[in-house]
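Working notes for the structure below.
The chain is numbered in sequence order, starting from 1. Start at 1 and go down the list; that is how both ligands and their atoms are numbered.
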Amino acid sequence: MNDPSPEELTRLHHLTRLVREHNDRYHRQDDPTITDHAYDRLFGELVELEARWPHLADPDSPTRRVGAKPLEQFASLPHGRPMLSLSNRFTPQDVTDFDRQVVEGLGIAEPVDYHADPKLDGLAINLTYVHGVLESAATRGDGLAGEDVTLQIRTIPVVPLKLLGDQHPHKMEIRGEAFIPLAPFAKMNAQLQRQGEKTFVNPRNAAAGTIRQLDPRITARRPLTLFCYGLGLVEGWILPPTHAQMIQQLAQWGLPVCPEGGVVWGVDGCMDYYSAMAARRHDLPYEIDGVVYKVNRITWQEQLGFRHRDPRWATAHKFPAMEVATVVVAIDVQVGRTGALTPVARLTPVQVGGVEVTNATLHNFEEMARKDVRPGDTVLIRRAGDVIPEVVRVLPQAAPSTSRPPPIPCPSHCPTCGAPVVKPEHETVARCSGGLACPDQRREAIQHFASRRAMDIEGLGEKGCALLLQSGLVATVADLYQLKRYRDHMITLERLGEKSVDNLLAAIDRSRERHLERFLFALGIRDVGEHTATTLARHFGNLEALMAASPDDLLEVAEVGPVVAAHVSVFFSAPHHREMVRQLLEIPQTHWATAAETNLPGEKKPLANQTVVITGTLASMTREQAKTRLETLGAKVSSSVSKKTHFLVAGEDPGSKLQKARNFGVKILDETALLHMLSGP
Ligand code: IVH
């Protein structure tokens, strides 16, 4: 073997220091300064150099340790068996290599059975049970000893303090991942923001910050949960022959395990599992950053053993990163339908989670100032699910800070219409005061009105709205319903053929059948989302009654607070809104009835008091349409499956809700059965 060149040797030393530093920032300070992806690359390069010159590797190299030392404030707790990490794979070739190494390591010819499950993006925890009773819980720390977080972990509702059944091992370490699911994460951050406290940039940091709370009472108030995925030290129990059976036993003892895990065969099985999870990634209620394959047979796991920091019998197959670094080319200001001014970072295009991202929101000027984002900065971009990409933070700059341009201030006048910008003291958002006189607000209002969850006017998206406004044919949503008269003129418009004009006119026509609930949501009143719109529609029954309601009348409505009441009153007292609504009410054969009103008097509600959940894609209608039709029959359509769900409607490519429904023993209907039910007896 050749000796390293001086450059290679310097690089090896430099990488050792660098990786150690980033480990510490990530694990100990919860404040990483590079992306996971960039870290993985540095780590991979270090592993490679050390493999070429093992005798030159630092005996204390970060590749042989996992994470960093425990925080001083927590007591240190040694693990009965080291808590190791996993090697990362990114490409199909990487997975093929992993499988080949397993097959060769075992000296077998048959395809290997693997246990596959999602790689949860949280914090690794070691739970120690003695005779079935939770004795302690620790973080991973440096892999040999972690922080004693027993008091914190005991606050997690799903963690059993005593295992179910009897005949437990004398002593057993259970490894799992503590995390905060997405919906509670969003809620918790919103609450922290309202209280003027620091919010978390992602669920992983939130979980880490929550577990490392010295005061367990704070931990108890945060929505932590946990899935168990493996074992450490076990005394007084003979392990079952396979990992899958072991997981099943954990579940029988009452320990929470991920419902998505299962056995797959060979590389093909692994790849299929990966694709299936990648497709469903954004439907899951929690964040995952890949999948994990583990050799299923325990004797084979033992035979394969470990290599430095990770087992040879398991690996992580990572998804494309959801957090990526790029450069801010410029910062523009967008005006939303309620006049809100949103600074938007125009970016050097990057792939984030497999999608090209060119813009990212900075939310509002206060937020932008807090993060101190300026043109030319290198920033971390994050995409979570189908949410708009956002700028997480500025990464350390290569150039000295004096060469940065000054921060961009909040404009005093709307960049589109020139109307004064207003920002009440207690609000974070600055708004254009131009109302519907502002072309941007007008376009956004029409676009929202036509959107799928509002009036669902197919074919009237961003471009269509802009075109109709430019042509002067439409100024408010009421004008949409007069468009039929201008069919011939529309056909002459650029990019609109005869067929698309007729389709659009037909779609507008169909939207007259929407219920009051949707119509109210479509009006785009501030803070009136779908749920509030439904509450208001059911309470007032028709638009005239709602428009005539005083703020006090509105406060009578359950779930309507002073803020929403004020926004509704302000909306309906503005002359331009009153005029628009008056025109809408004059449209023939349109009454924007409530869903309840559409039922004829005396008509039966066969699904009254039944809770229904819809998942997957339906061929004959959208999910929204199915929801409305089920509601017309009296059903309550919910977004999450629970024990109380009466039945689940499962279309093509159903999400995790299907598995959950099965777990709860909830009745499952396919589309044919749904259509049968909707068509009545
Ligand atoms: S198994 C000896 N399974 O990923 C191997 N780990 O990068 C033990 N993780 O430290 C790990 N989901 O914190 C395993 N389904 C899963 C996991 C998982 C998340 C974490 C765990 C581990 C890290 C390794």
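- Residues satisfying the side-chain hydrogen bond (donor to acceptor under 3.5 Å, both in side chains) criterion with Asn202, sequence neighbours excluded, are Glu323.
- In this structure, Ser85 counts as a contact residue of ligand 1, since one of its heavy atoms falls inside 4.0 Å of the ligand.
- With sequence neighbours left out, Pro256 forms a side-chain contact (heavy atoms from CB on, under 4.5 Å) with Val158, Pro160, Leu226, Phe227, Cys228.
- Of all heavy-atom pairs spanning Tyr293 and Cys270, the tightest one is OH-O, 3.1 Å.
- At a heavy-atom cutoff of 4.0 Å, ligand 1 is contacted by the side chain of Glu177 but not by its backbone.
- The proximity of Asp117 to ligand 1, defined as any non-hydrogen pair under 4.0 Å, is limited to the side chain.
- A centroid separation of less than 6.0 Å is found between the aromatic rings of Tyr274 and Phe319.
- Among Trp313, Tyr229, Phe179, Phe306, the residue whose heavy atom sits closest to atom 6 (N) of ligand 1 is Tyr229.
- Remark: the backbone N or O of Val352 is paired with a side-chain donor or acceptor of Arg383 at under 3.5 angstrom.
- Contacts of Lys294 with ligand 1, taken as heavy-atom pairs under 4.0 Å, involve the side chain alone.
- Under the 4.0 angstrom criterion for non-hydrogen atoms, Ala314 is not in contact with ligand 1.
- Short contacts between ligand 1 and Leu84, defined as distances under 4.0 Å to a heavy atom of the residue, involve ligand atoms 10 (O).
- Side-chain rings of His168 and Tyr129 stay apart, their centers remaining 6.0 Å or farther from each other.
- In this pair, His22 and Tyr39 present their aromatic rings perpendicular. The plane angle is above 60°, beyond the 30 to 60° band.
- Across Val666 and Phe647, no two heavy atoms sit closer than the pair CG1-CA, 3.8 Å.
- Of the candidates Met83, His115, Arg140, Gln301, the one placing a heavy atom closest to atom 10 (O) of ligand 1 is Arg140.
- Between Val292 and ligand 1, a contact under 3.5 Å exists for no N or O pair.
- Residue contact annotation: Gly261 has no non-hydrogen atom under 4.0 Å from ligand 1.
- Proximity of Pro118 to ligand 1, defined as any heavy-atom pair under 4.0 Å, is confined to the backbone N, CA, C and O atoms.
- The N/O atoms of Leu120, backbone and side chain alike, include one that comes under 3.5 Å of an N/O atom in ligand 1.
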